[in-house]
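It should be emphasised that the depicted structure is a prediction, and the values quoted were computed from it without experimental measurement. Convention: sequence-line order gives letters A, B, ...; per-chain numbering from 1.
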Amino acid sequence: MSSLDTIPVCTEVASGNVEPLLHEIRHALQRLAEGKEGTVIDLKRLPLAPGEEERIEATLGTGEVRAEIDALGPTLIQETSYPGVWLITHKNADDVVVARFVEVTYIPELLRSQQADIDAGIDRLEDELKN
Amino acid sequence: MRKDQNLGEYLRMQGVSRRGFLKFCSATASLMALPPSAVSQVAEALATARRPSVIWLSFQECTGCTESLTRSHAPTVESLIFDAISLDYHHTLQAAAGHGAEAAREAAMEENKGEYILVVDGSIPNGNNGYSTIAGISNYEMLKEAAANCFAIVAVGSCAAFGGLPNANPNPTGAVAVSDIIKDKPIINVSGCPPIPVVITGVLAHFLTFGTIPELDALGRPAAFFGQNIHDRCYRRPFYERGQFAETFDDEGARKGWCLYKLGCKGPTTYNACATLKWNQGTSFPIQSGHGCIGCSEPRFWDKGGFYDPISAGQWGSRDALLGAAAAGAALGVGSALAARARKKKAQAAEEV
Ligand code: SF4
Ligand code: SF4
């Protein structure tokens with residue numbers, strides 16, 4: 001039996017949602033540049049035709065920063081070729097995508113060290129030094 | 001997770017960092033169809049959430065709904081939601097059987113009086129109660145007894161929500177929906193044959209997060225998932241608007257991915273989240289795979305004419321005349337969503353008569 005990816009799938013269909021989404025990102029970036037708040041767009045909420053998510057990704061391209069967080073499965077944080085526009089992909093422990101966001105911000109919240117983790121870290125380091 | 005623990009404490013004990021918790025909250029907010037801006041509220045609520053008791057009753061069903069749920073595509077996040085509820089009785093999943101299992105159900109009901117969530121899959125035979133029994137107790141009796149002291153009922157699947165397949169003509173068992181029997185409790189209908197697994201978990205996550213009933217549509221379904229029809233969110237919609245329809249499953253239109261309306265797609269009258277949430281780890285949904293929607297999340301979908309007949313043919317008279325009208329309407333850019341809603345209302349009114 002042939003594997004799934006050898007079955008031809010029509011990928012030229014357009015939902016008409018890619019361009020509006022890219023404009024939404026442009027508007028969000030303009031707002032950010034004017035000192036207003038950032039924006040998060042949930043990519044799984046939009047009706048997209050097969051291949052369109054890849055088109056969005058290709059249009060945004062990859063920028064200078066790429067980070068991987070290892071918490072409840074991997075999370076990939078990629079700055080796109082447009083500084084301030086980040087693509088965030090949350091995967092579970094089985095490497096399956098559970099949520100995908102475009103975040104328009106200076107630095108995604110998840111990249112910062114979190115206060116609760118810092119506090120727990122101080123305790124651990126103190127314990128370590130006592131022993 | 002201990003019953004007196006809140007979710008925040010539980011996750012910390014499991015070694016989940018604050019970052020991991022925020023990721024869990026983002027995925028949960030996305031699961032509940034909440035805007036990403038709601039993540040901080042979700043985080044605040046989840047950190048202190050207590051573990052609700054859930055009793056799951058399976059009546060006249062094919063176990064497809066439980067299968068769907070146990071195949072949900074986000075094991076890490078969703079198993080956390082499952083750890084976070086206390087599934088005190090589910091006779092398909094639990095190891096115990098017979099009188100021991102029923103005793104455990106009764107104990108959980110007593111202990112969580114007025115607070116437990118009752119999940120039901122399957123319809124209830126209301127002609128002869130002997131058609132379906134568990135440990136000698138009829139489905140009707142068990143539902144009445146378990147519903148009496150619950151906080152709310154989640155009717156999972158089209159059978160529990162609307163009677164589903166067992167209720168199809170000639171309905172030999174006299175199958176009815178939960179809402180036909182229970183009138184004094186909030187009922188959330190999570191319809192679908194089966195329902196999308198993340199919708200089931202999304203509703204449980206809503207309880208867990210907010211401890212309230214989510215906003216419902218006119219048929220008692222959570223509006224976050226059933227507020228829009230398949231057609232409104234279908235990526236083939238531009239073809240519908242241009243009147244470009246596949247006529248057979250292997251013609252040029254089918255190969256080019258045109259609209260499946262003429263091949264019986266029930267998307268215009270079907271409210272569900274398949275077009276965005278999709279199935280099988282978010283891979284695809286029927287229309288993306290080249291088959292029309294069969295309307296499985298709507299009442300009496302089984303009796304609404306052939307799956308391969310256009311909606312117009314099944315419900316509203318002559319097939320050819322109406323197909324012509326639909327195509328002309330599409331070409332003129334008539335608001336098809338409005339038309340679909342009107343059709344749906346009409347269909348509901350016709351059913352209520
Ligand atoms: S009729 Fe079906 S295939 Fe056509 S646009 Fe509507 S939902 Fe999509
Ligand atoms: S596309 Fe239609 S028939 Fe298929 S699962 Fe979704 S609602 Fe049911």
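- Contacts between Thr39(A) and chain B at a heavy-atom distance below 4.5 Å are absent for every atom of the residue.
- Around the CD atom of Glu37(A), the shell of radius 6.0 Å holds more than 12 heavy atoms that belong to other residues, nucleotides or ligands.
- Other residues, nucleotides and ligands contribute at most 12 non-hydrogen atoms within 6.0 Å of the CD atom of Glu215(B).
- Interface remark: Arg100(A) contributes no atoms to any contact with chain B (heavy atom separation under 4.5 Å).
- With rounding to the nearest 0.5 Å, the separation of CD in Glu109(A) from CG in Leu22(B) is 7.0 Å.
- Atom CZ in Phe21(B) sits 11.0 Å away from atom CD in Gln114(A) (nearest 0.5 Å).
- Annotation: residues 82-90 of chain A contacts chain B through His90(A) [non-hydrogen atoms, separation under 4.5 Å].
- Closest of all the heavy-atom pairs between Ser26(B) and Phe101(A) is O-CZ, 3.8 Å.
- Atoms CG and NZ, from Leu48(A) and Lys278(B) in turn, are 6.5 Å apart once rounded to the nearest 0.5 Å.
- Here the shortest heavy-atom pairing between Thr276(B) and Pro47(A) reads CG2-N, 3.8 Å.
- The neighbour count for Glu44(B) CD, taken as heavy atoms of other residues, nucleotides or ligands under 6.0 Å away, does not exceed 12.
- Heavy atoms of Ser37(B) lying under 4.5 Å from chain A are absent altogether.
- With rounding to the nearest 0.5 angstrom, the CZ atom of Arg45(A) is 8.0 Å from the CZ atom of Arg233(B).
- Under a cut-off of 6.0 angstrom, the local environment of CZ in Arg66(A) is sparse, with at most 12 non-hydrogen atoms contributed by other residues, nucleotides or ligands.
- The CZ atom of Arg19(B) lies 7.0 Å from the CG atom of Leu111(A); values are rounded to the nearest 0.5 Å.
- Annotation: maximal heavy-atom pairing with chain B below 4.5 Å, among Glu103(A), Arg112(A), Gln115(A), occurs at Arg112(A).
- A pairwise comparison of heavy atoms in Gly20(B) and Leu72(A) identifies O-CD1, 3.3 Å as the closest pair.
- Scored by the ring pair (Phe, Tyr, Trp, His ring centres under 6.0 Å) test, His291(B) finds Phe249(B), Tyr308(B) as partners (sequence neighbours excluded).
- At a 4.5 Å heavy-atom cutoff, the contact between Leu46(A) and chain B is made by backbone atoms alone.
- Here the CG-NZ distance, from Asn92(A) to Lys23(B), works out to 7.5 Å after rounding to the nearest 0.5 Å.
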